[in-house]
Number of protein chains: 2
Amino acid sequence: MLRVSKFTDYAVVVLSRLEAEGGVQTAPGLASGTGIAEPTVAKVLKMLAQSGLVEGLRGARGGYRLLRPLASVALSEVIVAMDGPIALTACVDGGFGLCEAEHTCPVRGRWDPVNAAIRGALSAIMVSEIASPPAAPRTAAATPMPAYAAE
Amino acid sequence: MLRVSKFTDYAVVVLSRLEAEGGVQTAPGLASGTGIAEPTVAKVLKMLAQSGLVEGLRGARGGYRLLRPLASVALSEVIVAMDGPIALTACVDGGFGLCEAEHTCPVRGRWDPVNAAIRGALSAIMVSEIASPPAAPRTAAATPMPAYAAE
DNA sequence: TCAAAGGGGACCTTTTGGGTCCGGATTGCA
DNA sequence: TGCAATCCGGACCCAAAAGGTCCCCTTTGA
């Protein structure tokens, strides 16, 4: 249903905890602090480290450290780190040979502006805006939300 | 990976075909015209009919008819019709009792502005913009697209 | 030298998306 | 009046991906 993976959700929670505590935190410590199972937290942190959002420090007294303040980390970066590149359809930017109805498909390549719009929207939101519990009251729903049939 | 279902893709193709041909089209006819398997097309059309985007005419000489021009149908409507409501996370607008770490989770309810932003972006794009093959050249990438690591 | 921690996989389980099929209801046409 | 075409609403099944766990190796401070 057009949703991000749970890992993205976890990542935001873990990042939030990392910034709240400050300094170097261990994976088990973050697990108990967030209530997420430890192996899962470890996996999330590994992925975040590979994307350069956190830094892993090995050895005894090691742990993970935030590399950038969450106010400068766009939500899209976290999503890309956890879920891979943001593309709403399988036909991304004109790949060939994958779609059998390639010659008849009138939609080829036309999803690009849609992807761009989504990326833009997610790049405008910083992780700190959804992570900080006692944060400044953000103007909720800056974008006009049309009235959908709430299923 | 933050993508819509194939059904949404199919729906856009079918709607496009429906508008291109005009009048009443049968499900088998649309299937052969689009290259999509017939049962799948039928399923897509059923869902579109339930959402009021097309109308099903029963009996012999029946078929499906477009109810509104695609230029007035927002892409978000199609996505909602096929994939259900647009909500990036499971915790939608403060549901209770589902998340075990409910009391410790610092992110509760804070995804709402994100959802709103996505909805807004998808509501601004009309189906005709991605459906029509010889359409007017739309200003691609109206939103600044940050440079991601293309995986 | 040892223990605490991250690194990088392989592996398994569950969910769900994607697709097919069937019987029933409706309606135009011969 | 019967028949055939067509939509309607499910149930059902399969495969792929997500979600989660575990193991062993490397690194490093005490």
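Below, chains carry the letters A, B, ... as their sequence lines are ordered, and counting in each starts from 1.
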Chemist: For D:dT21 and A:Thr40 - does any side-chain N or O of the residue sit under 4.0 Å from the phosphate oxygens OP1/OP2?
Modeler: yes
Chemist: Between atom CG in B:Leu48 and atom C1' in D:dG9, what is the gap in whole Å?
Modeler: 16 Å
Chemist: Strictly below 4.0 Å: does A:Tyr10 bring a side-chain N or O up to OP1 or OP2 of D:dG19?
Modeler: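 No, A:Tyr10 has no side-chain N/O under 4.0 Å of OP1/OP2 on D:dG19.
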Chemist: Base, sugar-phosphate or nothing for B:Ala37? Non-hydrogen atoms, less than 4.0 Å.
Modeler: sugar-phosphate
Chemist: Go through the N and O atoms of the side chain of B:Arg58 and the base of C:dA25, and report whether any donor-acceptor pair is under 3.5 Å.
Modeler: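 Side chain to base: pair found, below 3.5 Å.
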Chemist: Has the side chain of A:Lys46 got a donor or acceptor atom sitting under 3.5 Å from an opposite partner on the base of C:dG8?
Modeler: yes
Chemist: Between the main-chain N or O of B:Gly52 and the side-chain N or O of B:Glu55, is there a donor-acceptor pair closer than 3.5 Å?
Modeler: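 Here the side-chain-to-backbone pair does not exist.
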Chemist: Base, sugar-phosphate or nothing for A:Leu57? Non-hydrogen atoms, less than 4.0 Å.
Modeler: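 Result for A:Leu57 = sugar-phosphate.
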Chemist: Students often get this wrong, so: under 4.0 angstrom with heavy atoms, is B:Ala42 touching a base, only sugar-phosphate, or nothing?
Modeler: nothing
Chemist: Figure out the CE/C1' separation between A:Met47 and C:dG6, and round it to whole Å.
Modeler: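 Rounding to the nearest Å, CE of A:Met47 and C1' of C:dG6 are 15 Å apart.
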Chemist: Quick one: does A:Lys43 reach the base of D:dG20 with a side-chain donor-acceptor pair under 3.5 Å?
Modeler: yes
Chemist: Please report the distance, rounded to the nearest Å, between OH in B:Tyr64 and P in D:dA5.
Modeler: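 It works out to 17 Å between those atoms.
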Chemist: Side chain of A:Ala60 only, heavy atoms from C-beta on: which candidate in D:dC7, D:dG20, C:dA3 is closest?
Modeler: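 For A:Ala60, the side-chain atoms sit closest to C:dA3.
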Chemist: Is there a donor-acceptor pair closer than 3.5 Å between any side-chain N or O of B:Asp83 and the backbone N or O of B:Ser5?
Modeler: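 Yes: the side chain of B:Asp83 pairs with the backbone of B:Ser5.
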Chemist: Just wondering, do A:Lys43 and A:Phe7 contact through their side chains at under 4.5 Å, heavy atoms?
Modeler: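 A:Phe7 vs A:Lys43: side chains touch.
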Chemist: In whole angstroms, how far is the P atom of C:dG18 from the CZ atom of B:Arg3?
Modeler: 10 Å
Chemist: Looking at the side chain of A:Lys6, which of C:dG6, D:dC7, D:dG20 is the nearest nucleotide?
Modeler: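 Nearest listed nucleotide: D:dG20.
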Chemist: Of all the heavy-atom pairs spanning B:Val24 and B:Gly62, show the shortest one and how long it is.
Modeler: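 Minimum heavy-atom contact is CG1-O, 3.7 Å.
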Chemist: Verify, without hydrogens or angle tests, whether B:Arg119 (side chain) and B:Ile86 (backbone) share a donor-acceptor contact under 3.5 angstrom.
Modeler: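 Present.
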Chemist: Take the protein atom CZ of A:Phe7 and the nucleotide atom P of D:dA18, then report the distance between them rounded to whole Å.
Modeler: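 Whole-Å distance recorded here is 10 Å.
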Chemist: What is the distance from CD of B:Glu55 to P of D:dC7, rounded to the nearest Å?
Modeler: 12 Å
Chemist: Figure out the CD1/C1' separation between B:Ile36 and C:dT20, and round it to whole Å.
Modeler: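 Between C1' of C:dT20 and CD1 of B:Ile36: 16 Å.
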Chemist: Rounded off to whole Å, could you give me the CD-to-C1' distance for the A:Gln50 and C:dG8 pair?
Modeler: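 From A:Gln50 CD to C:dG8 C1': 8 Å.
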Chemist: Does A:Gly62 or B:Pro39 map to a spot on DNA chain C nearer the 5' end, using the closest nucleotide for each?
Modeler: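 It is A:Gly62 whose nearest nucleotide is closer to the 5' end.
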Chemist: Using a 4.0 Å heavy-atom cut-off, does A:Ala27 contact any base of the nucleic acid, only the sugar-phosphate backbone, or nothing at all?
Modeler: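 Contact class for A:Ala27: sugar-phosphate only.
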